[in-house]
Amino acid sequence: MSGERPIVITGATSNLGVVLVERLRSTWPRREILALTRSGRSSLFQRFEIQPVECDLSNPATYESALPQGCEVIAVAHRSYTDKMLPVMSEMRAHSCYAVTSTSVFVQNHPDVTEFRKIEERMRSSQVPVTIMRPSMLYG
């Protein structure tokens, strides 16, 4: 992440999102951070001075006017929402997108593997540079 571009985050109220917001705010105390969220009532937003944008991630019309030009997007919400955001990010000339997905694209018998792969291919071919991150878990 570079410069002082505004950061837009999806999934900010998830477990990973909360940790990420805490880290972003401690790293950049004055940087503009917006959270696309179903509800702006979370205490997280006030505590970390995050601007909530109430919207429906499945409907880009509910948030497209709120995305700042040249922003950096951190997509923690489900990859299907990131997929719907790609055209809006291109239109708003987002600088970059960091998308958290999962290793399920490598599971041959996962019922949604074909769709997951198509979504990630659209991310890779987007006009906005997308970095796909796939955290994994160890079971045992």
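A quick note: this is a predicted structure, and the numbers were derived from the prediction, not measured. Scope of the values below: all heavy atoms of this structure, side chains included, with no hydrogens, waters or symmetry mates.
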Is any side-chain heavy atom of [Y] closer than 4.5 Å to one of [X]?
X: I50; Y: R25; value: yes
X: V100; Y: P135; value: yes
X: C71; Y: R5; value: no
X: E54; Y: Y63; value: no
X: F45; Y: T13; value: yes

- Query: Above 12 or not: heavy atoms from other molecules or residues under 6.0 Å from CG of N15?
  - Reply: no
- Message: Other residues, nucleotides and ligands only: do more than 12 of their heavy atoms fall within 6.0 Å of CD on Q46?
- Response: no
What are the two closest heavy atoms between [X] and [Y], and how far apart are they?
X: L57; Y: A77; value: CD1-CB, 3.8 Å
X: A99; Y: T82; value: CB-CG2, 4.2 Å
X: L34; Y: P68; value: CD1-CG, 4.1 Å
X: R134; Y: S102; value: CD-O, 3.3 Å
X: C55; Y: L36; value: SG-CB, 3.7 Å
X: P60; Y: V88; value: CB-CG2, 3.6 Å

Identify whether [X] and [Y] are in the same connected component of the hydrophobic contact network (ILVMFWY, side-chain heavy atoms under 4.5 Å).
X: Y98; Y: W28; value: yes
X: I9; Y: L16; value: yes
X: L67; Y: V130; value: yes
X: I132; Y: V113; value: no
X: L24; Y: M133; value: yes

- Kindly determine whether V128 and M92 satisfy side-chain contact (heavy atoms from CB on, under 4.5 Å), including the steps that lead there. CA-CA 10 Å; V128 175; M92 299 311 294; over 6 Å; no
Between [atom1] of [X] and [atom2] of [Y], what distance do you get to the nearest 0.5 Å?
X: F48; Y: R23; atom1: CZ; atom2: CZ; result: 12.5 Å
X: M89; Y: Q127; atom1: CE; atom2: CD; result: 11.0 Å
X: H110; Y: T103; atom1: NE2; atom2: OG1; result: 9.0 Å
X: Q108; Y: T114; atom1: CD; atom2: OG1; result: 9.0 Å
X: S80; Y: D112; atom1: OG; atom2: CG; result: 10.0 Å
X: I33; Y: I7; atom1: CD1; atom2: CD1; result: 4.5 Å

- Quick one: does S126's side chain have a donor or acceptor within less than 3.5 Å of a partner on R122's backbone? no
- Task: Give a yes or no on whether the backbone of D56 and the side-chain of T62 come within a donor-acceptor separation of less than 3.5 Å.
- Result: yes
- Query: Is there a salt bridge (charged side-chain N to carboxylate O under 4.0 Å, His left out) between E64 and K84 once you walk through the steps?
  - Reply: CA-CA 11 Å; E64 63 188 354; K84 291 184 184 311; over 6 Å; no
- Message: Under a 4.0 Å threshold between the charged nitrogen and the carboxylate oxygen, would E120 count as salt-bridged to R79?
- Response: yes
- Got a salt bridge between R124 and E121, using NZ or NE/NH1/NH2 to carboxylate O under 4.0 Å? yes
- Task: Could you go through the side chain to side chain donor-acceptor pair (under 3.5 Å) check for T37 and S39 one step at a time?
- Result: CA-CA 5 Å; T37 180; S39 170; 5.9 Å; no
- Begin from the C-alpha positions of M85 and T10 and carry the test side-chain contact (heavy atoms from CB on, under 4.5 Å) through to its verdict. CA-CA 10 Å; M85 286 182 74; T10 67; 3.7 Å; yes
- Let me see the working for E72 and R31 under salt bridge (charged side-chain N to carboxylate O under 4.0 Å, His left out), right down to the final yes or no. CA-CA 12 Å; E72 294 183 286; R31 194 155 176 189; 2.5 Å; yes
- Task: Check the pair L20 / I74 against side-chain contact (heavy atoms from CB on, under 4.5 Å), numbers first and verdict last.
- Result: CA-CA 9 Å; L20 185 59; I74 302 174; 3.3 Å; yes
